[in-house]
*Asks:* 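Once you've had a glance at the structure underneath, I'll fire off some questions.
Throughout, protein chains are lettered first and strands after them, A, B, ... in sequence-line order, and every chain is numbered starting at 1.
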Amino acid sequence: MEYNAKTIEKQWQEYWVQNRSFEPSEDFSREKKYILSMFPFPSGRLHMGHVRNYTLSDAFARYYRQQDFNVLHPIGFDSFGMPAENAAIKNGSHPKKWTYDNIDYMKGEFKSLGFSFSKERELATSDELYTKFEQGFIIDMYEKGLLYRKKGFLNWCPSCHTVLANEQVIEGSCWRCDTGVVKKDMNQYYFKITKYADELLDDLHKLENGWPKQVLTMQENWIGKSNGLEFQLRFDDDSLAKLEKKFDGFDVFTTRPDTIYGVSYAALAPEHEIVTYMIENSLLDNETVIKIKEMKNASSIDRQKEKSGISLNLNVTHPLTNKKVPLWVANFVLMDYGSGAVMAVPAHDERDFDFAKKYDLPINAVIKPFESELESSKAYTETGELFNSEIFSGLNSKEAQSKIIDYFQEKKIGKRTTNYRLKDWGVSRQRYWGAPIPFVHCDSCGIVMEKKENLPIALPDDIEITGEGNPLEKHQTWKHCKCPKCGEDAIRETDTMDTFVESSWYFLRFCASPKNWEKEAFSKEQIKYWMGVDHYIGGIEHAILHLLYARFFTKVFRDLGYLEFDEPFEKLLTQGMVLKDGAKMSKSKGNTVDPDAIIEKYGADTARLFILFAAPPTQELEWNDSAVEGAYKFLKRFYDRSSHVNKISTIPQIEHATLSKEEKFARKKVYEALARAEDVYTQKYTFNTMIAGVMEAMNALNLQSNEKVWSEGYWVLTSIMEPVIPHICWEISSRCFSLKNLTPQSVLEEVFVEESIILGVSINGKSRCEIEVAPDASKESILEAAKEKAQKWLEGKTLVKEILVPKKLVNLVIKD
RNA sequence: GCGGAUGUGGUGAAAUUGGUAUACACGCCAGACUUAGGAUCUGGUGCCGUAAGGUGUGGAGGUUCAAGUCCUCUCAUCCGCACCA
């Protein structure tokens, strides 16, 4: 029989649409599985990474459907974002048209790959309905104080007149025009994600069994919790006078309070408010001001190259010794961590040491190793024994840390504090193609939330996109409105939201029944049934931001009363990248493979089979044209051999004992494959080994010609393979089994019963020969057989030990 | 620097609790059928060796009757974070 992928695939794709085969049921009494793959940005065409992602989720979804679960396997498009605007700048196409044209094309690609997505729940985050509910949530969060507006230092491209996200700054320059990026002080909206820092960190433990360790660690490091001492460094009298008593001092944070007696200077970030005050009030000479401005304006790369600083000619007093400590501005002190100021202990911190060497500041050692001498040529950053530390001398670092913190707390001059690397999430973008932030600026009322009944605040279509500045701000009429509170003329907020906001709750929206799509974002009942996501599959590149933000939204929604759980994704599978010629596929490298071309040449089943067979999902996948060809050959053979199968509608009953050796072996291989498949879908996700098992079974079936064994084999194998290569399996199954075999299959234990078993015989751990014994042979008889067979190696030696590992091997230990 | 991961044939990769290393596939070699083959089928294929045998999971040690698997050290590659006080 000739395998014609195109015909078969078209036919079943139509069948599935007409039969609504992949729509979840609203019967909430059934057991459910929620299988989700990270939705794509509608860039135009699918790439192989997408194909890998959705082939994986599709395999899970189809498997659980076979197992009679109510399966939700939705898809959507993360459709706001910069590329749509960039396309507009480049080709003059409207972002909306560009986006929705791409979506249409990609939906066609999904269909041609046979992905079993629910059609009725498809959405795009740029849909006005989606914006409407999102803006509602934003208002809720603003009311709860979880969204606020403040000035912040942002990456600003002076040429594009826009704020850039950190990821858009490439080596200190704008990713698009290569202009040097500067920091600009601007008003921005922030989500108060830091309020949840502790919970986001602690709850990682709840995910230990379902998430890759790597992702958990990355999130842990990103949150970056550290414990230590916070205290105030106070100015001495002269310095207070110089500062016109505007500042008493400033806070510093340290994780090493045990080194406090080694403090020999203190340093402020160039952006620190005291520094700003001194510049604004001409308290510094010109040279110093120029130096500080240089530090501020340096790109982050330059700033890291070499430590530099300048003295402020001010002194603070050491909190314990009351000695004078000089105050400097230093480029290595970061404004956005801790308080933007540090106590410096050059003897025990590498940065402080480098700086002290450069500017000839004192280096006072106060910690020494327990069992060796202190070297003065570098900073000793380990823990050790304290000295020159008054009453704390002689203590070890660990004890000293808590005692010194206690001492500060007793004296009320400092306190135990926790610091986080995680910062509040800046969400406003000066961009057109995003969800508008639903606020208005009113001269008399300030920032006012839009009324929920006025939502969505939709984007205007008639805009001009030039790449410079924010098109919404330049629009003549859109931003003018009435204040929802006082009714006077007001101005709409023209900032739009970061696209990560949309992807932080889309998995909840999918739970909503399309019947109520217009009415509500989702209902508590629907969420309760479908969530959490049983398998979430996507790229490792989202290990931090997307997954952290989605976890944050889940906790916020819980606190807003919309749902009742803490974590959205129970099991996370992070797939490896798709490579060609050893490098990630990318247009710029010219090493891409177009999925459409593969489907055209071989069909979707070949692409899916290759992708799942070539490597386990978490590993990188190296594209290999001849291995694709190999997958295609297997499908041809698989299709061709189905001519050995009888048309039946129940699995054949076979009298195992009456079969030939080859027939028995074939059945054993078939059921081995089935047993392995169960494990793969539910535990290990190593589809490559499952497919190998099926190939072994096929090879074994080929060695015999019993029609019943063939039929039984195909009954089982097409069931195992349907999630991987659905079209060909539905075709064979409908022709031979009236689709009756795409159901749970049970492993027949009887086929594993062996008439004899083969044991390896090794001498001193080295395998030498084999023996064949009856399964119930006694230990003595097995050892006897082994010794007889291995006689050759035993001659002239002394046998010192005999080990029998049941069903595996015999090891004979000998001596000369 | 800190954290995480990975190292097995020519290639992608297998290997329950430690128990005959290299399943399955690609590639290669040989043969069959063919006007032809980039189709199909059959057989072979870790390395050295005619063979017996030796050797072999990045490297060096160790534990064990037995180590790809456990322990110690080390090298290499990849990924994430990074002047985080």
*Asks:* Could you tell me whether G9(B) is syn or anti, where syn means a glycosidic angle within 90 degrees of zero?
*Replies:* syn
*Asks:* Do any N or O atoms of the protein come closer than 3.5 Å to N or O atoms of nucleotides 67-72 of chain B, and which pairs are they?
*Replies:*
none

*Asks:* Is there a Watson-Crick or G-U wobble partner for C84(B) with both distances under 3.5 Å, and if so, which one is it?
*Replies:*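 The answer is none; no pair meets the criterion.
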*Asks:* Could you list all the side-chain hydrogen bond (donor to acceptor under 3.5 Å, both in side chains) pairs where at least one residue sits in residues 338-357 of chain A, not counting sequence neighbours?
*Replies:* Asp349(A)-Arg351(A)
*Asks:* Give a yes-or-no answer on whether the side chains of Tyr639(A) and Asn4(A) include a donor-acceptor pair shorter than 3.5 Å.
*Replies:* no
*Asks:* Given atom CH2 of Trp222(A) and atom P of C84(B), what is their separation to the nearest angstrom?
*Replies:* 15 Å
*Asks:* Restricting to nitrogen or oxygen on both sides, can you table the protein-nucleotides 26-28 of chain B pairs closer than 3.5 Å?
*Replies:*
unit_1 : atom_1 : unit_2    : atom_2 : d
C26(B) : O2'    : Ser626(A) : OG     : 3.3

*Asks:* For C84(B) and Arg351(A) - does any side-chain N or O of the residue sit under 4.0 Å from the phosphate oxygens OP1/OP2?
*Replies:* yes
*Asks:* Can you check the Met335(A) CE to A85(B) P distance for me, whole Å?
*Replies:*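 Checked: the CE to P distance equals 16 Å.
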*Asks:* For the pair made of NZ in Lys801(A) and P in U64(B), what is the distance, rounded to whole Å?
*Replies:*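 Distance check: Lys801(A) NZ to U64(B) P gives 10 Å.
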*Asks:* Strictly by Watson-Crick or wobble contacts shorter than 3.5 Å, is anything paired with G12(B), and which nucleotide is it?
*Replies:* C24(B)
*Asks:* Suppose we define a pair by two distances each less than 3.5 Å, Watson-Crick or G-U wobble; what does G7(B) pair with here?
*Replies:* C75(B)
*Asks:* What string of B, S and - do you get for nucleotides 46-52 of chain B, 5' to 3', when a contact is any protein heavy atom under 4.0 Å?
*Replies:* ------S
*Asks:* With both distances kept under 3.5 Å, what pairs with G31(B), Watson-Crick or G-U wobble?
*Replies:*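 Partner of G31(B): C41(B).
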*Asks:* I'd like to know if the side chain of Asp424(A) and the backbone of Tyr190(A) have a donor-acceptor N/O pair within less than 3.5 Å.
*Replies:*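 Side chain of Asp424(A) to backbone of Tyr190(A): no pair is present.
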*Asks:* What's the OH-P distance between Tyr632(A) and G38(B), to the nearest Å?
*Replies:*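 Spelled out: OH on Tyr632(A) to P on G38(B) is 17 Å.
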*Asks:* Would you confirm whether the ring centroid of Tyr265(A) sits within less than 6.0 angstrom of the ring centroid of Phe355(A)?
*Replies:* yes
*Asks:* What salt bridge (charged side-chain N to carboxylate O under 4.0 Å, His left out) pairs are there with at least one residue in residues 625-636 of chain A, not counting sequence neighbours?
*Replies:* none
*Asks:* Using atom CE of Met577(A) as one end and atom C1' of A5(B) as the other, report the distance to the nearest whole Å.
*Replies:*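 My rounded result for the distance is 13 Å.
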*Asks:* OP1 or OP2 of C41(B) less than 4.0 angstrom from a side-chain nitrogen or oxygen of Arg641(A), does that happen here?
*Replies:* yes
*Asks:* In this structure, how many angstroms lie between the P atom of G54(B) and the CH2 atom of Trp793(A), rounded?
*Replies:*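 Atom CH2 in Trp793(A) sits about 9 Å away from atom P in G54(B).
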*Asks:* Between G4(B), U20(B), A85(B), which nucleotide has the shortest distance from any of its atoms to the side chain of Val333(A)?
*Replies:* A85(B)
*Asks:* Under 3.5 Å for both donor-acceptor distances, Watson-Crick or wobble: does C70(B) have a partner, and if so which one?
*Replies:* G62(B)
*Asks:* Can you check the Lys580(A) NZ to U11(B) P distance for me, whole Å?
*Replies:* 18 Å
*Asks:* Give a yes or no answer on whether the side chain of Gln704(A) reaches the backbone of Leu701(A) with a donor-acceptor pair at less than 3.5 Å.
*Replies:* yes
*Asks:* What does the B/S/- profile of nucleotides 13-19 of chain B look like, 5' to 3', with a 4.0 Å heavy-atom cutoff to protein?
*Replies:* SS--B-B
